[in-house]
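Notes follow the structure.
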Amino acid sequence: MAANSRSIRYSLVIPVFNEEAVLPVLLRRLDQVMFRLDGPAEAIFVDDGSSDSSSIVLRALAARDSRFRYIGLSRNFGHQIAITAGMDAAQGDAIIVMDADLQDPPEVIEQLIAKWKEGNDIVHARRLSREGESRFKRATAHLFYRLLGRMSSVGIPADVGDFRLIDRKVLEALRQMPEQDRFVRGMIAWLGFRQAEVAFHRLERAAGETKYPLFKMVRLAVNAALGFSDLPLRLAIWCGLTVSGLALLYGGWVVLLWLGKDSHLVTGWSSTIVVVSLLCGINMLMTGIVGLYVGRIHAEVKRRPLYVVQARVGFDRDETAATPAIHAVNE
Ligand code: UDP
Ligand code: MG
């Protein structure tokens, strides 16, 4: 690794998609915050296929100021891929991902760093309030985080977006997760490590319009649900069991009516319904079983590491073996 890369302490990763309206304010605020930080910082702008002047402005900035870097993606790959590209290029000991539109105030970075220095490896920024966002967006976001929390087997923190700080070792672990459909906040939660959070009030977008229309939000939610829960796959099994169960119950009831020579019984119709719904149920059940196998294949192809090691003690003792260690109190 190059000599200068080791000296960078903080990397800010900022995805940018047609943000020319906010860039002047963003750059001013970033400049102030980076100046106040207690170590060398770099800001990596990932241009996610912008078609406005963002590319020109950021490219020129990176060429003249060594604190700024520019990565231009060949087309719009989406927010999650953009932040992945930025994190892959980050050189700092702590990496902070934030939006370009100042909804994630750069000043909160200092609080994230304070928590990192207390020994936390991941520091999430949790939204206490969301200003200037439509009631629809707030309601769907609320529902999304609650549902995901119930469905997923890893604890994905609620009301936390992608604004967070991660330690270098978390980044190295994240790089071992090559999955295509990325839901970065879920992947980071999956990794474990020591996590903490800082609360902040999410402000209105400083300028410009949201780059997350409904279809992108739905895509993100689907990715999250499919990547972090196998509940959708199991659904067919439960539907199948319910339908077959009801069919059998109804079948039993029809037989009772028939034995009792009940005049309400419509011959022919009842037996058809029983057979059709029983077969439907069995069909769904089978689909569900196939789903379980598909789920296993899905887990395999994600190629996530089996486990992540946080610390190893006592493995590389070669040098210390000669000098007997004094039994110190922890560490
Ligand atoms: N963004 C991106 N690619 C996209 C959509 C968004 O890089 O396809 C960036 C965008 O420039 C911003 C961040 O992701 O920096 C969050 O987007 P936005 O503020 O529009 O989302 P919202 O806050 O409305 O959910
Ligand atoms: Mg925004």
Side-chain angles (χ1 to χ4, degrees), residues 11-30 33 43-59 61 68-90 95-109 124-145 148 158-164 180-186 188 200-224:
S11 296
L12 311 183
V13 171
I14 307 161
V16 176
F17 180 48
N18 293 338
E19 299 285 9
E20 63 183 2
V22 290
L23 284 186
V25 210
L26 172 71
L27 296 178
R28 204 170 51 241
R29 295 264 291 276
L30 272 184
V33 170
I44 302 174
F45 294 102
V46 185
D47 173 7
D48 188 15
S50 299
S51 53
D52 66 358
S53 69
S54 308
S55 324
I56 303 162
V57 174
L58 294 173
R59 208 184 258 260
L61 176 71
F68 296 101
R69 310 197 197 288
Y70 172 85
I71 297 176
L73 300 185
S74 56
R75 63 168 171 86
N76 179 245
F77 279 88
H79 180 221
Q80 300 291 301
I81 304 285
I83 60 181
T84 305
M87 288 193 287
D88 281 343
I95 295 94
I96 299 123
V97 176
M98 59 179 279
D99 287 357
D101 58 0
L102 296 170
Q103 284 196 291
D104 305 334
E107 293 70 27
V108 176
I109 292 175
H124 311 280
R126 192 163 63 80
R127 302 160 179 175
L128 283 175
S129 62
R130 304 166 71 110
E131 281 169 36
E133 289 182 320
S134 67
R135 185 172 289 207
F136 175 75
K137 181 145 187 171
R138 277 193 298 219
T140 45
H142 185 86
L143 190 71
F144 165 68
Y145 287 119
L148 185 64
D159 301 324
V160 173
D162 286 299
F163 186 22
R164 67 167 56 67
Q180 290 280 314
D181 291 310
R182 300 179 84 79
F183 180 61
V184 175
R185 62 196 84 156
I188 291 179
F200 77 107
H201 288 282
R202 187 158 159 98
L203 307 171
E204 207 170 326
R205 194 174 232 286
E209 284 171 0
T210 177
K211 310 295 178 307
Y212 251 99
L214 186 62
F215 80 93
K216 279 190 186 172
M217 272 169 43
V218 171
R219 200 165 58 188
L220 184 75
V222 169
N223 267 347

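These numbers come from a predicted model, not from an experiment. Read the numbers this way: they start at 1 and go in the same order the structure lists the ligands and their atoms.
Near Arg202, the atoms of ligand 1 lying under 4.0 angstrom from a non-hydrogen atom of the residue are 23 (O). Numbered from 1 in the order shown, with element, the atoms of ligand 1 that lie under 4.0 Å from a heavy atom of Lys216 read 4 (C), 5 (C), 8 (O). Here is the list of ligand 1 atoms found below 4.0 Å of a heavy atom in Asn76: 3 (N), 4 (C), 8 (O). Which parts of ligand 1 touch Gln103 is read off a 4.0 Å heavy-atom cut-off, strictly below it: atoms 19 (O), 22 (P), 23 (O). Every atom of ligand 1 is numbered from 1 in the order shown, and the set under 4.0 Å from a heavy atom of Glu19 is 10 (C), 11 (O), 12 (C), 15 (O). The atoms of ligand 1 that sit less than 4.0 Å from any heavy atom of Gly78 are 3 (N), 8 (O). For ligand 1, the atoms lying closer than 4.0 Å to a non-hydrogen atom of Lys137 are 22 (P), 24 (O), 25 (O). In summary, the atoms of ligand 1 found under 4.0 Å from a heavy atom of Val16, numbered by their order in the structure, are 7 (O), 11 (O).
Using cut-offs of 30° and 60° for the angle between ring planes, the Phe68 and Phe45 rings count as parallel.
At a cut-off of 3.5 Å, with distance as the only test, no side-chain donor of Asn18 or Glu209 sits close to an acceptor on the other residue.
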Side chain to side chain contact (heavy atoms under 4.5 Å, CB included) between Tyr70 and Ser55, worked out = CA-CA 9 Å; Tyr70 172 85; Ser55 324; 3.6 Å; yes
inquiry  = Please evaluate residues Ile14 and Ile44 with respect to the criterion side chain to side chain contact (heavy atoms under 4.5 Å, CB included), reporting the C-alpha separation (whole Å), side-chain torsions for both, the decisive distance (0.1 Å), and the verdict.
reply    = CA-CA 6 Å; Ile14 307 161; Ile44 302 174; over 6 Å; no
query = side chain to side chain contact (heavy atoms under 4.5 Å, CB included) between Val16 and Leu58: does it pass, once the steps are laid out?
reply = CA-CA 10 Å; Val16 176; Leu58 294 173; 4.0 Å; yes
task = Given side chain to side chain contact (heavy atoms under 4.5 Å, CB included), test Glu19 with Arg205 step by step and report yes or no.
result = CA-CA 11 Å; Glu19 299 285 9; Arg205 194 174 232 286; 3.0 Å; yes
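Between the side chain of Ser54 and the backbone N or O of Ser50, no donor-acceptor pair lies under 3.5 Å. Side-chain atoms of Glu20 never come within 3.5 Å of backbone atoms of Asp52 as a donor-acceptor pair (strictly under, hydrogens ignored).
Applying the side chain to side chain contact (heavy atoms under 4.5 Å, CB included) test to Ile81 and every residue at least two apart in sequence or in another chain returns Phe77, Arg182.
Looking only at heavy atoms of the protein, atom 6 (C) of ligand 1 is closest to Lys211 CB, 3.6 Å. Of all protein heavy atoms, the one closest to atom 24 (O) of ligand 1 is Thr210 OG1, 2.5 Å. Protein heavy atom in closest approach to atom 1 (N) of ligand 1: Phe17 CB, 3.8 Å. Annotation: atom 18 (P) of ligand 1 to nearest protein heavy atom, Arg205 NH2, 3.5 Å. Here the heavy atom of the protein found nearest to atom 14 (O) of ligand 1 is His79 CD2, 3.1 Å. Residue, atom and distance of the protein heavy atom nearest to atom 17 (O) of ligand 1 are Tyr212 CD1, 3.8 Å.
Not a single heavy atom of Met217 sits closer than 4.0 Å to an atom of ligand 1. Heavy-atom separations between Glu204 and ligand 1 are all 4.0 Å or longer.
The closest non-hydrogen atom to atom 13 (C) of ligand 1, taken over Asp48, Asp99, Asn18, comes from Asp99. Evaluated by nearest non-hydrogen atom to atom 19 (O) of ligand 1, the leading choice among Leu26, Ile83, Val46, Asp101 is Asp101.
Aromatic ring centroids of Tyr212 and His79 lie under 6.0 Å apart.
When only interatomic distances are considered, the shortest N/O to N/O separation between Glu209 and ligand 1 does not fall below 3.5 Å. Checked by distance only, ligand 1 and Pro15 come closer than 3.5 Å through their nitrogen or oxygen atoms.
Residues Asp104 and Arg164 are not paired through a salt bridge, judged by the lack of any N-O separation under 4.0 Å between the basic side chain and the carboxylate. Asp159 and Arg127 are not joined by a salt bridge, as no carboxylate oxygen comes within less than 4.0 angstrom of a charged side-chain nitrogen.
For Arg59, the CZ atom counts as loosely surrounded, since its 6.0 Å shell holds 12 or fewer non-hydrogen atoms of other residues, nucleotides or ligands.
The Mg ion (ligand 2) has an N, O or S atom of Gln103 closer than 2.8 Å. In summary, Asp101 places an N/O/S atom under 2.8 Å from the Mg ion (ligand 2), meeting the contact criterion.
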